[in-house]
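Contents: one structure, followed by commentary.
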Amino acid sequence: MFYKLRQNKFVSKDIIFLIISSVSLLLSFLNTFSFSFDMAWIAIFLCGIPIIREAASKLISSFDIKADILVSIALIASVSIGEFFAAGEIALIMKLGSLLEEITVARAKAGIENLLHLTPQTARKILNGQEMTISAEKVAVDDILRVFPGEMISVDGIIVSGTTSVDQAVMTGESLPVDKNPGDTVLSGTTNLFGSFDMKATRVGNDSSIQRIVQLVRSADAGKAKIVGLADKWATWIVIAALITSLLTWFITGEIIRAVTILVVFCPCALVLATPTAIVAAIGNATKHNILIKNGDALERLASVSKIVFDKTGTLTCGSLQLSGMQKFSSDYTEDELFTYAATIESRSEHPLGKAMVSAYYEKPEQNLFSLENFQIFPGRGLQATINGKNIIAGNIRMLSEQQIHISRLYHSFIEKYLTDGYTIIYMAVDGILAAIFTLTDTLRPDIKKTIASIKECGFTTALLTGDNEYSAKNAAVHSGVDSVHANCLPADKLKQIDTYQQSGNKICMIGDGVNDAPALKKAFVGIAMGETGSDIAIDAADITLINDSIKEVPHLLYLAKKMMTTIKFNLTFSMLLNFLAVIMAATGFLDPVAGALVHNAGSVFVIINSSLLLNWHKKDTVHSFI
């Protein structure tokens with residue numbers, strides 16, 4: 001875990017220093033061995049000196065007063081009167097808190113590099129009828145480029161000749177390839193599926209779509225607030241209160257040892273540990289539920305969100321098309337015959353619709369495809385072949401129109417209802433007559449309706465941001481229970497909508513899976529990515545990852561974040577009360593520096609134990625309100 005969250009050589013060194021320091025303090029406390037010096041000096045040197053050096057540096061360079069200032073004062077005061085164990089114990093506890101905090105706030109930065117790798121390095125330029133390969137960086141506006149099937153488009157442009165289908169899910173999140181014809185725009189980072197085409201470059205270099213996403217991710221990250229530790233927020237007042245109390249005690253009693261003891265017990269060790277220990281335990285709990293928390297402060301932020309925003313394809317839905325139904329229009333053939341005709345012709349297609357059709361066919365008990373001849377692909381429209389001597393056509397409405405195949409008025413309202421409900425239709429004609437339609441859809445996750453209901457019971461509102469069309473988006477929202485819908489969203493649109501929500505006072509949790517979701521995931525107060533269907537870019541941009549796409553665990557995650565904050569607040573209250581009582585006891589002479597160190601060490605241990613209870617915590621399903 002350590003090397004993933006903080007990939008540098010210093011983690012191992014810090015752990016080794018903590019172990020050595022712990023052993024040295026134990027030997028110092030037991031005093032069973034005779035050494036030429038107090039073993040606590042090892043802890044002071046390994047853990048205390050770095051704290052003093054950093055505190056002094058910040059104080060001198062920017063007058064930045066943190067909790068380390070008080071720790072440094074207590075360390076120096078303890079050493080000056082010979083209380084080496086107390087100094088070493090303070091240094092050890094603070095070093096442990098610092099390491100835990102570093103681990104819990106680590107951030108992944110590989111996403112932008114992965115984004116850059118989505119753009120191909122070369123392009124095929126057409127000049128004076130000759131084809132030449134050039135670097136994608138050298139493509140200029142108005143250059144004519146040729147793109148073959150299976151290739152990724154290097155820059156934004158307009159098709160000047162050829163027809164095709166383009167998979168642009170990476171940019172828009174659309175679940176289906178989009179048919180493209182002369183005059184249509186294509187985007188960098190998207191993939192040409194079938195036909196070859198020539199295009200004129202319109203946006204190149206940093207102005208291309210994929211590069212704009214990079215810039216959106218960077219700008220979104222820069223605007224996200226960072227949470228500061230409570231001990232550091234109150235550091236100035238803690239330092240002032242400690243110094244005044246210590247000096248007054250020394251002045252009134254004349255005993256410097258009481259003044260030093262006050263500095264020791266005033267050290268905010270338990271206060272420093274209160275937050276990171278609870279976060280680490282909550283992260284461990286989330287891991288058991290297949291949830292990976294990348295950023296330590298993500299759970300703190302999640303506890304205060306008010307609105308959950310979802311992407312559609314791959315998030316609310318499974319991200320893969322399935323055959324949902326068939327409607328027969330011809331009495332000359334049985335449903336099995338028509339299904340077999342459709343599966344036979346689609347078996348030669350690489351289109352996702354065709355693959356879904358064939359996959360559904362092979363789920364039948366008996367699978368006997370027909371033989372076919374004269375197979376043809378019409379990019380962006382459909383397929384044609386001769387099967388058992390019959391002319392079979394399967395494709396979209398444009399294919400039927402080009403082949404002059406009539407659709408009876410009786411079927412229009414029937415077909416329109418399917419389209420309105422968000423289904424995709426494959427039309428199939430036999431010998432020039434429409435014989436059947438097949439409806440396909442990207443199905444909702446089986447547990448999504450219950451999950452959305454649980455989220456709303458928690459008091460959150462929900463919204464859907466998707467690149468899909470309005471019909472498909474509204475259908476998904478209605479059947480999942482999402483409150484509001486924004487369709488036809490490009491990455492910049494999603495980012496803008498998240499910003500609009502947050503400007504109006506909402507703190508947003510965004511859940512998505514695609515490259516097109518990355519800017520919104522980064523901009524949102526908390527970003528959650530799907531682990532299996534999610535792209536590397538989305539996962540890197542998010543704070544939290546649902547490892548097995550376990551979106552049903554989101555309600556538990558929301559409750560866990562609230563419970564964690566309750567634990568943190570309890571830890572903080574306990575820590576401050578303990579410090580207050582210890583200060584009174586130190587001022588009245590009931591505690592010396594060593595006893596004071598042990599008391600406030602006991603407080604730190606209590607905080608750790610209380611936080612560890614979060615590891616196996618689970619909210620009962622019968623309770624719907626946060627504690």
Side-chain angles (χ1 to χ4, degrees), residues 281-293 298-319 442-466 473-486 498 501 506-513 517 520-521 524-534 538 542-567 613-627:
I283 287 174
N285 181 305
T287 301
K288 294 178 182 180
H289 290 262
N290 294 316
I291 302 169
L292 175 63
I293 313 293
L299 284 173
E300 283 189 274
R301 287 184 269 118
L302 186 62
S304 62
V305 301
S306 57
K307 194 179 193 74
I308 312 295
V309 176
F310 296 88
D311 170 52
K312 174 181 168 286
T313 305
T315 303
L316 291 184
T317 69
C318 298
D442 183 5
T443 57
L444 290 169
R445 294 184 182 277
D447 49 10
I448 193 63
K449 189 169 185 177
K450 181 179 178 181
T451 299
I452 298 295
S454 297
I455 289 172
K456 291 166 76 172
E457 285 178 6
C458 296
F460 297 94
T461 56
T462 56
L464 176 63
L465 300 181
T466 177
K474 285 184 176 179
N475 182 62
V478 168
H479 288 91
S480 64
V482 173
D483 297 319
S484 58
V485 181
H486 298 273
I498 292 291
Y501 282 143
N506 288 293
K507 291 182 178 178
I508 303 300
C509 172
M510 170 74 186
I511 306 178
D513 73 308
D517 298 319
L521 288 169
F525 201 59
V526 181
I528 301 178
M530 309 299 284
E532 284 190 352
T533 59
D543 305 295
I544 300 170
T545 300
L546 305 178
I547 297 173
N548 298 326
D549 289 357
S550 49
I551 199 166
K552 64 182 179 181
E553 297 291 354
V554 170
H556 170 74
L557 180 64
L558 297 171
Y559 280 121
L560 177 63
K562 290 287 187 180
K563 178 62 178 178
M564 184 197 74
M565 290 308 299
T566 300
T567 300
L613 298 177
L614 284 171
L615 280 168
N616 297 310
W617 180 87
H618 193 281
K619 184 74 174 176
K620 291 183 180 180
D621 293 336
T622 54
V623 181
H624 298 300
S625 60
F626 290 126
I627 293 176

So which atom in [X] and which in [Y] form the shortest heavy-atom distance, rounded to 0.1 Å?
| X | Y | result |
| --- | --- | --- |
| Ile308 | Val305 | CD1-CG2, 4.2 Å |
| Met565 | Ala303 | CG-CB, 3.4 Å |
| Ser306 | Asn506 | OG-OD1, 3.2 Å |
| Leu560 | Ala282 | CD2-O, 3.4 Å |
| Asp311 | Gly512 | CB-CA, 3.8 Å |

Spacing of [atom1] belonging to [X] relative to [atom2] belonging to [Y], to within rounding of 0.5 Å:
| X | Y | atom1 | atom2 | result |
| --- | --- | --- | --- | --- |
| Ile508 | Arg301 | CD1 | CZ | 13.5 Å |
| Lys312 | Leu465 | NZ | CG | 13.0 Å |
| Ile455 | Thr461 | CD1 | OG1 | 11.0 Å |
| Tyr559 | Ser454 | OH | OG | 7.0 Å |

Test item: [X] and [Y] side chains (from C-beta on) under 4.5 Å apart, heavy atoms:
| X | Y | answer |
| --- | --- | --- |
| Leu299 | Val526 | no |
| Ile291 | Leu546 | yes |
| Leu614 | Lys563 | yes |
| Thr466 | Leu316 | no |
| Asn285 | Leu615 | no |
| Phe310 | Ile452 | yes |
| Ile544 | Leu302 | yes |

Check side chain to side chain donor-acceptor pair (under 3.5 Å) between [X] and all other residues, then give those that pass, not counting sequence neighbours.
| X | answer |
| --- | --- |
| Ser484 | none |
| Ser304 | none |
| Lys288 | Asn616 |

Residue pairs, two or more places apart or on separate chains, that pass salt bridge (Lys or Arg N to Asp or Glu O under 4.0 Å) and touch residues 475-484: Lys456-Asp483
Quiz: residues 473-480 side-chain donor-acceptor pairs under 3.5 angstrom, not counting sequence neighbours:
| residue | atom | partner | partner atom | Å |
| --- | --- | --- | --- | --- |
| Lys474 | NZ | Glu470 | OE2 | 2.9 |
| Asn475 | OD1 | His479 | ND1 | 3.1 |
| Asn475 | ND2 | Asp421 | O | 2.9 |
| His479 | ND1 | Asn475 | O | 2.8 |
| Ser480 | OG | Ala476 | O | 2.8 |
| Ser480 | OG | Ala477 | O | 3.4 |

Residues in ring pair (Phe, Tyr, Trp, His ring centres under 6.0 Å) contact with His556, at least two apart in sequence or another chain: His289, His618
Set of residues satisfying side chain to side chain contact (heavy atoms under 4.5 Å, CB included) with respect to Asp447, sequence neighbours excluded: Arg445, Thr451, Ile551, Lys552
